[in-house]
Amino acid sequence: MNRHTLSCFLTFNFILSSFPLFHATADLNGGAATSIAFATWLRSSYSFDIYSLPTSGPPNEIRLTDAVSINSNGHFPSPSSLSDLPFLPHRFIPTTHLIYVTERNGSSSIYLDSIYETPLIRSGSNVPTRVICGHESESTRSTRTQVLLVGNGQSKGRVSMKDRPSLVDRSLIYVSTHEDPGKPRASWTAVYSTQLTDGSTRRLTPEGVADFSPAVSPSGVWTAVASYGEKGWQGDIEELSTDIYVFLTRDGSNRVKLIEHGGWPSWADESTLYFHRRCEDGWWCVFRASFNIKEGELGVNSVVTQRVTPPGLHAFTPAASTANKSFIAVATRRPGSEFRHVELYDVVSNKFIMSTRQISPNAHHYNPFVSPDSTRVGYHKCRGETNDFKAKDLLLEHIQSPIQNVSLFQVDGSFPSYSPDGERIAYVKLTTEPLAYVKSPGLYVMNSDGSNVRTILTRPAFSTAWDWKRKGVVYTSVGPIFAGESSKVDIISINVDDEDSSYKTLTQGGENNAFPSPSPDGKWVVFRSGRSGHKNLYIMDALKGETGGLHRLTEGPWTDTMCNWSPDGDWIAFSSDREDPDAGSFALFKIHPNGTGLQKVMQSGLGGRINHPWFSPDGKYIVFVADYAGVSAEPIANPHHFQPYGDVFVIKADGSGIQRLTHNSYEDGTPAWSPKFVQPGNAEWPNDGSKCSLEDCHWLN
Ligand SMILES: *[C@@H]1O[C@H](CO)[C@@H](O)[C@H](O)[C@H]1NC(C)=O
Ligand SMILES: *[C@@H]1O[C@H](CO)[C@@H](O)[C@H](O)[C@H]1NC(C)=O
Ligand SMILES: CC(=O)N[C@H]1CO[C@H](CO)[C@@H](O)[C@@H]1O
Ligand SMILES: CC(=O)N[C@H]1CO[C@H](CO)[C@@H](O)[C@@H]1O
C-alpha cells in the first residue's frame, strides 16, 4: 500500500490563438435554439487511454494519459523537436512527453502532456496552478502539465476532426477535416502544419485532394501520406485503395507518388519507409520500401519494396523504430484470436519478439508508435476499470456543434427521438450491439439530460417517434432490422407512461412495416412496408392502425424508406434508391402527404447514400446521415464500424446549403431533431465502470 491517489496535477491551458470557439455558419429555426440527438456505433464504450511498454526487459505497462474522455493516436516527440517551446516548464526532470488526440469537450484536439517525476512536496506547498489527480509513491510523485496544442482555434474556429499528430521543429503536423472540398463523397481529411511558437497554420495537402495517415521523416524534411490523389474516395470501407505520396514538410511542395497501393507509412530513416497493404494472399502485411530521396527527382521507379511480415496472420499499422532499426512495432490479428495486439517484429531474424498478449490478452490494442530512442512502444487501448479509479462510459455526450443554436448529443443507443416537449428521449438497443449495459435489445426512454433510464419493451425494435398530441405515446417497429421485404416487422404504439407496457400493433401481416412517423395533427402515421414485394411508403390511421384507414403513398420496384413527416404537415422526407434500384445508392426525396410534389432534395454524388432524414422544428431544414464527406481515417486504425463514412449533415429543405455537423472517423447515424433546446451536458451510465465493449474490424475475421 505504498501508492495512493493524490490530487496533484498542474494544468496549463495554453491557447495559441483566440479564434471564437464557434464559427456561426447558419442560424436555423428562425434563431430559436434547438437540439439534435444521434447515435455513434459503440463509441461510448471506447474509453481509450495511451499506454506504453519497454521494448526490452520486464513488461511494465504504464498508462500515460489521464483517463479523461477518449485518448488515442499518440506520438513521442524527439527532444530536439521540443526545444525552445515557450510553454514547457523546465522546473522538473522530465520523464515522458506525449502528443496525442483527445476527444474531451466534445470535439477532437491535440494535446501535449509532460509527465515529470518530482521529489515529494507535501500538499499546500508551492504548486503553481490548478491541480488534477496523479500518483504518489514514497518519495516522488508525477506531475502532469497539459497543453492544448491544436484545437478548433487553429482551424479558422471550425469544429473538425484532428488526428495523427507529429512534432517536428516546433511545428505540429496533423490531419484536420475543417475544409469542405465542395463536392460530394470527397474526404475532407487534409494535412496541416501549425507553427507552435506563433500559431500560424498552413495546409500541406493540395486543394481537392484528401491525405490520410501522415508520417514525418526523422529529419523532419519529408512527410509521407496515404492518398487517393486526384481520383478521390472510391467508396472503400475496409482497405482504402490509396497510394503513398511524399512531399516537403515545410510547404507541401515536391509532392510525388512513391508507392502504388499502400497506407499507414512510417519512416525508419530518410530512405526507408514501412507501410501496410492487403496482400494478394489475403493477409494484411507490412512492406518495407527503400529509395533514394532527392528533392524533385523521386518517382515510383526508384523504389524497391519488399514484404516484411509473413503470411498466416494479419500485421498492419506499422511503426518503425528509428534508433534501433532491427525491429518494428505492428498491430496483429492472429487466427483463433478475436483480439488485436501490438507486437514487436525483428526484421533481421524475422521473428515476433514481444506482444501485449502477455499483459492484457483480452483487450484490443491500437496503432503502435515507438519512442525516438527505441526503448518504449506506445499504443492505445480501452482503460476499463483500474485500481485507482473507475472509468465510466457515457450514456449521453454533448458534442460541439458547428452550427450556432443547435446543441448536439451523442446517445449510447440507436434511433433516438425527442418527445414534443423536448424533455425525454426514446431510443433502442439493437440486437447487433454487444449488450454491455442492457440485458436485452428493446425500447428505452430517458430524460433528455440522461437521467431516469427506463426499459419500456424488451423485444428487438428499431426506429422510434413520439406522437405530437398524445403525451407519452411512442411509435416503433418491432422485429429485425436490415431484413428483407417479407420479414416479420410490425409497427406498434405504446404509452411509455403506462405501468403495464401494453402496446397496440398498428400494422398487419408483418411484411417489414417500419419507420413510423406521425403527422403533426396526430391523425396519421407514414411508414414503409414491404407488402407489395418492394419497400414503399404508406399512410395509416394513427389510432386504429391499418384497419382505420390505409393509403399508398409511393409505388415502384425500388426501396422508399426512413420517412419523416414535417412539423407543418406539408411534406414527408424519405430515403430512396429509385434512381438505381438495388445498387446500394440512396438519395433524399420529399413528397406531399397527398402524393403530389415529389422532389429529389439531394443526392450524395454518384452511388452515394443519404439516410435517416428528420425535419427541423420549423420545417426549413433536414438533418440526415450520409457518406457525403467520405471517410476521415483508414478504417483499419479504428474498431469496427459498418459504415465508417457515416456523418451527420444538415441541409435546407430545398436542397441547398449543406453543412457538416459531425467530424469523426466513426459511424454516426440516426439523427433526430428536438422541438426544444436541450442544455449541453453529459450523462454517465448509472453502472460503475467502462465495459470496453469494442469489436475489432469484422472483415479481419
Ligand atoms: C535492438 O532491438 C533488438 C530487438 O528488440 C534487440 O535484440 C537489440 O538488443 C536492440 N539493440 C540495441 C542496441 O538496443
Ligand atoms: C397536396 O398537398 C399540398 C400540401 O400539403 C397542397 O399544397 C396541394 O394543394 C395538395 N394537392 C392536391 C391535389 O390536393
Ligand atoms: C444568434 C441567435 O440567433 N441566437 C439565438 C439562439 O437562441 C436563443 C433562444 O431561443 C435566442 O435568444 C438567441 O437570439
Ligand atoms: C473549455 C472546456 O470545456 N474545457 C473542459 C475540457 O474538458 C476538461 C476535462 O473534462 C474540463 O476540465 C474543461 O473544463
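Each ligand, and each atom within it, is numbered from 1 in the order the structure gives. Everything numeric in this text was worked out from a predicted model, so none of it was measured.
Residues forming a side chain to side chain donor-acceptor pair (under 3.5 Å) with Y628 (at least two apart in sequence, or on another chain): none. Shown here are the ring pair (Phe, Tyr, Trp, His ring centres under 6.0 Å) partners of H341, two or more places apart in sequence or in another chain: H365. Contacts of F624 classified as ring pair (Phe, Tyr, Trp, His ring centres under 6.0 Å), with partners at least two apart in sequence or in another chain: none.
With ligand atoms numbered from 1 in the order given, ligand 1 contributes 1 (C), 2 (O), 3 (C), 4 (C) to contacts under 4.0 Å with heavy atoms of S326.
At under 3.5 Å, a nitrogen or oxygen of N324, whether backbone or side chain, sits near a nitrogen or oxygen of ligand 1.
Heavy atoms of I353 found under 4.0 angstrom from ligand 1 belong exclusively to the side chain.
Taking the six-membered ring where tryptophan is involved, the planes of F415 and H612 are perpendicular, since the angle between them exceeds 60° and thus also 30°. Ring geometry for F574 against F589 counts as parallel: the plane angle stays under 30°, on a 0 to 90° scale with 60° as the upper cut.
For the side chain to side chain contact (heavy atoms under 4.5 Å, CB included) criterion with T554, the lone passing option out of R578, H534, K535, R528 is R578.
For ligand 2, the 4.0 Å heavy-atom shell takes in D570, H592, N594, T596, ordered by chain and residue number.
Using a 4.0 Å cut-off between a side-chain N of Lys or Arg and a carboxylate O of Asp or Glu, R470 and D467 qualify as a salt bridge.
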